[in-house]
Amino acid sequence: MKHSNTAWRMSALGAVAALALTGCATQGNASDENPTLRLGVVTPLASFAPWEASWANQSPYLQAVYDTLLHADTDGSIMPALATEWSYDDSRTVVTFTLRDDVTFSDGTEFTAEVAAENILRFRDGTSENAAFLTGVQSAVATDTHTLVVTLVEPDPAFLIYMTQNAGLQGSPAMWDDPAAQTEPIGSGPYLLDEEATVAGSTWVFERRDDYWDAESYPYDEIEMTLYGDGTALMNAVKGGQVDATPLQSGTQLAEAEAAGYRAEISEFDWTGFVLADRDGAVNPALGDVRVRQAINHALDRDGLAEALAAGWGTPTTQIFRQTSAAYDPSLDDRYPYDVEKARELLAEAGYPDGFTLAMPKSDFVPEAEYAIYAEQLGAIGITVEWEMTGDDLFGRMLGGSWAAFPMQLQADATAWQGIQFSMLPHSTWNPFKTEDATVVELAQTIRMGEEGAEEQAAAAQELNAYIVEQAWYAPAFRIQSAYVTNDSTRIARQADNAVPYLWNIKPAN
Amino acid sequence: MVPRIHNSHMITFILRRLATGVAMLVTISITAFVLLNLGATDTARRLVGQTASAEIVARKAAELGLDRPLGERFFEWITAALTGDLGRSWQSGQSVVDAIATRLPVTLSLTIGAVIVSAALAIALGALAAGRRGWTDRVVQVLSVIGGAIPGFLIALILVLVFAISLRWFPATGYVRPEDSLGGWLATIALPVIALSIGAIGSVAQQVRGSMIDALRHDYVRTLRARGLPHHRVVYRHVLRNAAGPALSTLGLQFIVMFGGAVIVEQVFSLPGIGQSAVAATVVGDVPFVMGIVIVTAILVVIVNLAVDLLQGWLNPKVRLS
């Protein structure tokens, strides 16, 4: 009897193990002609409702189910999508779009200019992080079923770019007053959300839409997006071969990913360093003197900071514009070499030979070591940093002008105008003290009157960048390198103006 | 011979426990709601993002009702909650009830699995140590201390490294629902369950061992042995049952500890459970979702404690009578 019990237990154990191994065998990518794409994502979806939608790392979720009015090519140039043609009037404030006439939403509703106009206005008036992109939209009207006319208050060279992103997302009218819009998208995009298989906040499953107007651009029958909020889980998934393509959370993960057989594409989208916000000296008079701001720039050992804060995955710089922008000037990357003596001289010239005290915010979001390094480097030129612990009111207070300067990691926008609009104009969100500088405003006005690449605009952008660096509005330390990795069965084309590749640029390697 | 007791005693006992549970739920709801709202001063900005303008942040705050008095918002929440409506997550827009219904089975799979594994191994090890003593006892004690001393996340990492990444016996991350594939479900929860269990096995085994050693000294054990009952029957049928009470209490406690400990394990294995989403919701100040989790967790605690009490009564009639 004892033996038979033991035998039964062993059999049961064996059965469980076999079941478990069967389960293992079912994991992984199918090898059929149109396999499932297993995409890693590192940011949860804010909302499927177009008027609440975010972009950048969240673009894959939205591109699966929605179309945008326009597409951006890998180099950022504007391409047709739902709009096949577009043109500006002479004042560059009226844009006329000709829309496709063969597009329907997944609920069967026809896509028309009237729907497009309403989507644009809803985004402008909505609660998306980027709703401010469209504050300059005065009106959007349908002049016929497939012609849309958008009128801007002032010229905005980034407007067409916005139409390739979240501001250009087109949702069905059925979503507009639906309380479930945040989780149940009705778009005209290439895929449908499989709500049954989706666990919101963790895994999203999308199935191909058979009647999509541009089906050949999307080779996968199914896309499974898994959120890896935790770095360890992400690397476990990469090493376990459970994702085909994913962004990494830091460059330090790259060696492990490459050891697991993944290929990497490196890009630089963000910069880290100080925003020297109080350029008029309202909170801290010392910061009102350009020599003090320049001294802070000279105090930074940028190579050392890149090594200490990003394990070497950073490019030292003193400018905040991205390399793809017309404003970028490689010679500005070393305008302020690490020079403690020079920094002390500048402080003395400004009337602060013994340094001064600078209050800055500190939060749990940033490792303690980072504050210690910054304090040490500024301390070396006589600036005593008083860190003020903050909670979740950090951003509100920071943007409200509570601190003259603060360490921050910020995006470097793809175009000069986007960067200027974000942080340099008197009304810009990231211009906490609303600094108004005549040179900046004048150059910005020239830049906004033309295309990013036009000669006059490019020259103005370069001049503005040089001026901002000379005036030391910021003390950037380095541009952060980010990696996007793919396995052998997947290839991507990296997007110059987005943190992750656009969905139609992710394809099977064969 | 188990003495019979009136059903009415049992019903009174259960009702009393349930009333205590309801009082606890109300207290926890008020405390959690107040703490969440007082502690979160910039929820709207965290939800819309750091690059949003002040106007958009204000628009979001008004949409969520954050500009209304706290008491009014709590009254609205509790009124809806009493009808089973826990609202929608501020972060994902999903119905909180649906979100929890999707995620709770994942966390319960881990926790119940870990309780079963811990109970089976801990009772076997504890009984072995108490019954044999000598070097067996010492080995079990050393293993228990080691098991309790190693942090759960470290065990999880080692398990992933060895069994998922090197040997590829199990998936490193992810979850398969049992209705989709029973084998897949077992494969995805196996390592997390082991990671959660190891700490509990040690403490429960120690409890079982101690209680059994005490029980083995009682007169009835000598009597049973004098009657010629085999050693294993004395130990496993009589002594173990009498010694099971304290172990059961420890196991009940461990269930609650493991439910909380699942947060780390779910993150390491990227499992879509309650813990993983609780962390994300707390970070952004998603009040409806966090409140939903608080309520569900509190109900689970009440149920587990009640179940432990009832089981104690079943194991030991003296507890029932008292």
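In this text, all values refer to a predicted model and were calculated from it rather than measured experimentally. Labels below follow one simple rule: chain letters A, B, ... track the order of the sequence lines, proteins then strands, and each chain is numbered from 1.
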Using heavy-atom distances under 4.5 Å, tell me whether [X] contacts chain B through its side chain, its backbone, both, or neither.
X       : value
L399(A) : side chain
F422(A) : side chain
E196(A) : both
T127(A) : both
L227(A) : backbone
S128(A) : backbone
Q411(A) : side chain

| task | Mind checking side-chain hydrogen bond (donor to acceptor under 3.5 Å, both in side chains) for R103(B) and listing every partner two or more places apart, or none if nothing turns up? | result |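 Here the qualifying residues are S202(A).
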| For R132(B), does the CZ atom sit with more than 12 other heavy atoms under 6.0 Å from it, leaving out its own atoms? |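 Open.
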Work out which heavy atom in [X] is nearest to a heavy atom in [Y]; give both atom names and the distance.
X       : Y       : result
W90(B)  : Q182(A) : O-NE2, 3.8 Å
G240(A) : A172(B) : CA-CB, 4.3 Å
P44(A)  : Q91(B)  : CG-NE2, 4.2 Å

Could you tell me which portion of [X] (side chain, backbone, both or neither) has an atom closer than 4.5 angstrom to a non-hydrogen atom of chain A?
X       : result
T102(B) : side chain
L157(B) : side chain
R45(B)  : side chain
V268(B) : both

| field | From CD (E52(A)) to CD (E63(B)), nearest 0.5 Å | value |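 Answer rounded to 0.5 Å: 5.5 Å.
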| request: To the nearest 0.5 angstrom, please state how far the NZ atom of K239(A) sits from the OG atom of S166(B). | output: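 With rounding to 0.5 Å, NZ (K239(A)) is 9.0 Å from OG (S166(B)).
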| Can you name the residues that form a ring-ring contact (aromatic ring centres under 6.0 Å, His included) with F259(B), not counting sequence neighbours? |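 ring-ring contact (aromatic ring centres under 6.0 Å, His included) list for F259(B), sorted by chain: empty.
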| Between S47(A), A49(A), A200(A), which residue shows the highest count of heavy-atom pairs closer than 4.5 Å to chain B? |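 Highest number of pairs under 4.5 Å: A200(A).
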| request: Return the option, out of T135(A), N236(A), T429(A), with the maximum number of heavy-atom pairs under 4.5 Å with chain B. | output: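 Heavy-atom pairs under 4.5 Å are most numerous for N236(A).
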| query | Is the closest side-chain heavy-atom distance between T173(B) and Y228(A) below 4.5 Å? | reply |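 Yes - at least one pair of side-chain heavy atoms lies under 4.5 Å apart.
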